[in-house]
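Below is one structure, written out as structure tokens; comments come after it.
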Amino acid sequence: MAANKGSEQQITPRAVDYARWYQDVVSQAGLAETSDVRGCMVIRPYGFALWENIQRVMDGMFKETGVENAYFPLFIPMSYLSREAEHVEGFAKECAVVTHHRLKAVDGKLAPDPESLLEEPLVVRPTSETIINATFAKWVQSHRDLPLLINQWCNVVRWEMRTRLFLRTTEFLWQEGHTAHATPDEAQERALLMLRVYRRFVEEWMAIPVITGVKTASERFAGAVNTYTMEAMMQDKRALQAGTSHNLGDNFARAFGTQYQSEGGKLTYVHQTSWGVSTRLIGALVMAHGDDRGLVLPPNLAPVQAVILPLFRKEQEAAAVREKAQEFRQRLAARGTAAKVDDRDTLSAGARFFWWEKRGVPLRIEIGPRDLKENQFVLVRRDTGEKSFHPQAALEETVARALEEMQRGLFDRARAFRDANTVRVETWSDFADAFRDENSAFVMARWCGDPMVEAQIKEETKATIRCVPFDNPRDDGPCVKSGRPASERVLFSKAY
RNA sequence: CGGGGCGUAGCUCAGCUUGGCUAGAGCGCGUGGUUUGGGACCACGAGGUCGCAGGUUCAAAUCCUGUCGCCCCGACCA
């Protein structure tokens, strides 16, 4: 590309400063911006359109497995949170607490009215296990009430120290699924089923390959028996936890008295799961596929899959070109392709190219006087930059094929990148090298299973065990850190 | 909560050291015109309680005190 003549804002190249690049893309693609509220973001229409697509597709997938949507309160009585010991310990440090219900002007300044102090403070939900269990305890009486399969789309608040748009904000949007089952096996099955649903969504719709597995005790959800996770590699070779699914056992059921009467009449605690993905997925999308020109969106999730740009020199040429562009849009819409015509004459053609490019629109269709004459159109792919000419009669098939190829191409490229940056390591010095300075990678190394050793590794390298992958082959040998006997390799990486 | 930095137009910033005319630039924005196959140009124009509150002074964006907010680096996290 020629030097930028205009004075448009630039996107910092990834190689210069990856974190800056991320911020630039999020901002210039119009996904989100920081707000006046500390740690909280404004999700802009284009970013929210992405979230809506994620919601729509996932919601359908959940419902196929029998899940129903419901809604539970934003506020949780403080005492609820403390009923499950590990849970409260996990979340106590990051809770926003509501203590008053009224404001009062004192010396012209608003302040909470001391007389409106709540008897019991309310916690703004960091997650809803407790309030949902308090409800489940009422809903579940008999084995006939099970399984109970509930999901809610909502916001949650976790008072984080450092925030980054989408990746970690004080308030974020997510879905949290909560299920109750008669047996431990059913709960275990459901936890794994939902992780498979997540995996299918992230791989097939977001074109991001993930490694699934189980978390170690130290990375486990507070109050869970087991936490399952999917981990994706970003372009700086760090891991991003893209979704988790928890087998909660009967921990919450015991805390809240959620029992059912079995066929034999015996009172039994239910076994439960919870599972969630958040707006963080949008951050994953940016970091998995974006390039130095901006966002690159997988066709299956793109709010606009193809942008049609009429090009013309003189006003006399404009009418015919514009008309053709509209015809294209209608033809594509009839095939279910989200196409949009951008015929703004306030921006030059080049400016419009950049506009859609940084927003990651998969395909650009150019139609100008020359093309009208030749009965052709120009197609440019966002991921490869490849430019090609096609007969107008073949518009629908050409676009459909290009979208499919790009969807597959993004996934293949991301997987090749991950595989190329996944290494098996035997010695501590090789391990430390892999994470030296700003380096990261997916490192498969043996671990003896001792949490102290895990903590020591994190201390020295900043790398953590992302998961013990499923279907992990037995591989006896010495632990990479302690030298003690280990029987399998686990996935280490620096993480977001 | 520890360490560093910054608050001046919608955005990025200059001006402050050494107080002094009507507070500036670029981008963006509005109007009109010429433009449009890779970030167009010309002309005119709108836009500011210089974060806030005190103080010093004939005079404060500039000096002093206090205060609030934000950003960056660390410990915690989807």
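Sequence lines set the chain letters: A, B, ... in the order given, protein chains first and strands last, and positions in each chain run from 1.
- Remark: the separation of the C1' atoms in B:rG24 and B:rU8 is 10 Å, to the nearest Å.
- We find that CZ of A:Arg352 is positioned 9 Å from P of B:rG37, with the value rounded to whole Å.
- Sorted by first and then second residue, the side-chain hydrogen bond (donor to acceptor under 3.5 Å, both in side chains) pairs with a member in residues 90-100 of chain A form an empty list; sequence neighbours excluded.
- The CZ-C1' distance, from A:Arg44 to B:rC11, rounds to 12 Å in whole Å.
- Residue A:Gln55 qualifies as enclosed at atom CD: its count of foreign heavy atoms under 6.0 Å is above 12.
- For A:Tyr22, the OH atom sits in a packed shell: over 12 heavy atoms of surrounding residues, nucleotides or ligands are nearer than 6.0 Å.
- Stem analysis of RNA chain B (at least three stacked-register Watson-Crick or G-U pairs, each with both distances under 3.5 Å) gives B:1-7 with B:68-74, B:10-13 with B:24-27, B:29-34 with B:40-45, B:51-55 with B:63-67.
- When ring centroids are compared, A:Phe435 and A:Phe431 come within the 6.0 Å threshold.
- By the side-chain hydrogen bond (donor to acceptor under 3.5 Å, both in side chains) test, A:Glu129 pairs with A:Thr127, A:Ser274, sequence neighbours left out.
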Decide yes or no on side-chain hydrogen bond (donor to acceptor under 3.5 Å, both in side chains) for A:Arg436 and A:Asn439, but give the supporting numbers first.
CA-CA 5 Å; A:Arg436 197 173 304 289; A:Asn439 290 347; over 6 Å; no
List the steps and the verdict of ring pair (Phe, Tyr, Trp, His ring centres under 6.0 Å) for A:Phe377 and A:Phe328.
CA-CA 10 Å; A:Phe377 67 92; A:Phe328 275 20; 5.7 Å; yes
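- A salt bridge is defined here as a Lys NZ or Arg NE, NH1 or NH2 lying under 4.0 Å from an Asp or Glu carboxylate O, and A:Asp291 with A:Arg293 fails to meet this definition.
- Applying the side-chain hydrogen bond (donor to acceptor under 3.5 Å, both in side chains) test to pairs two or more places apart or on separate chains, those with a residue in residues 360-375 of chain A are A:Arg364-A:Glu366, A:Asp371-A:Gln376.
- The CD-P distance, from A:Gln28 to B:rG28, rounds to 13 Å in whole Å.
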Please determine whether ring pair (Phe, Tyr, Trp, His ring centres under 6.0 Å) holds for the pair A:His178 and A:Phe72, giving the CA-CA distance in whole Å, both sets of side-chain angles, and the decisive distance to 0.1 Å.
CA-CA 11 Å; A:His178 296 270; A:Phe72 296 84; 7.4 Å; no
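- By the side-chain hydrogen bond (donor to acceptor under 3.5 Å, both in side chains) test, A:Glu84 is found to be paired with no residue, residues two or more places apart in sequence or in another chain being considered.
- Closest of all the heavy-atom pairs between A:Pro469 and A:Val490 is CD-CA, 4.2 Å.
- Note on residues 346-356 of chain A: no pairs pass salt bridge (charged side-chain N to carboxylate O under 4.0 Å, His left out), not counting sequence neighbours.
- Under 3.5 Å, the side chain of A:Arg364 and the base of B:rG38 form at least one donor-acceptor pair of N or O atoms.
- When the C1' atom is used for both B:rC50 and B:rC6, the distance is 14 Å, rounded to whole Å.
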Under 4.0 Å protein heavy-atom contacts per nucleotide of nucleotides 68-78 of chain B, with B for base, S for backbone only and - for none
--S--S-BBBB
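- The gap from the P atom of B:rU56 to that of B:rU65 amounts to 15 Å, rounded to the nearest Å.
- A:Leu347 comes within 4.0 angstrom of a nucleotide base, judged by non-hydrogen atoms across all strands.
- Regarding A:Asp345, its CG atom lies at a distance of 13 Å from the P atom of B:rG37, rounded to whole Å.
- Atom pair A:Lys358:NZ and B:rG38:C1' shows a separation of 13 Å (rounding to whole Å applied).
- Judged as a ring pair (Phe, Tyr, Trp, His ring centres under 6.0 Å), the pairs with a partner in residues 274-317 of chain A (not counting sequence neighbours) are, in order, A:Phe62-A:Trp275.
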For each nucleotide in nucleotides 2-10 of chain B, reading 5' to 3', give B when a protein heavy atom comes within less than 4.0 Å of its base, S when such contact involves only the sugar-phosphate, and - otherwise.
---------
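- Of all the residues in residues 368-393 of chain A, A:Gly368, A:Pro369, A:Arg370, A:Asp371, A:Val378 reach under 4.0 Å from RNA chain B with at least one non-hydrogen atom.
- Taking the charged nitrogens against the carboxylate oxygens, A:Arg44 and A:Glu33 do have a contact shorter than 4.0 Å, which makes a salt bridge.
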Could you run down the sub-3.5 Å N/O contacts of the protein with nucleotides 45-47 of chain B?
none

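- Whole-Å rounding puts the A:Trp355 CH2 to B:rG28 C1' distance at 12 Å.
- Across the C1' atoms, B:rG10 and B:rG28 are found 7 Å apart, a figure rounded to whole Å.
- Of the C1' atoms belonging to B:rA25 and B:rC63, the separation is 26 Å, rounded to the nearest Å.
- If you take atom P in B:rC58 and the same atom in B:rA14, they sit 32 Å apart, rounded to whole Å.
- Nucleotides B:rU67 and B:rG26 are separated by 39 Å at their P atoms, to the nearest Å.
- The side-chain hydrogen bond (donor to acceptor under 3.5 Å, both in side chains) check on A:His271 picks up nothing, with sequence neighbours excluded.
- When each of A:Val286, A:Leu285, A:Val26 is checked for a side chain to side chain contact (heavy atoms under 4.5 Å, CB included) with A:Leu295, only A:Val286 meets the rule.
- The gap from the P atom of B:rA61 to that of B:rG7 amounts to 16 Å, rounded to the nearest Å.
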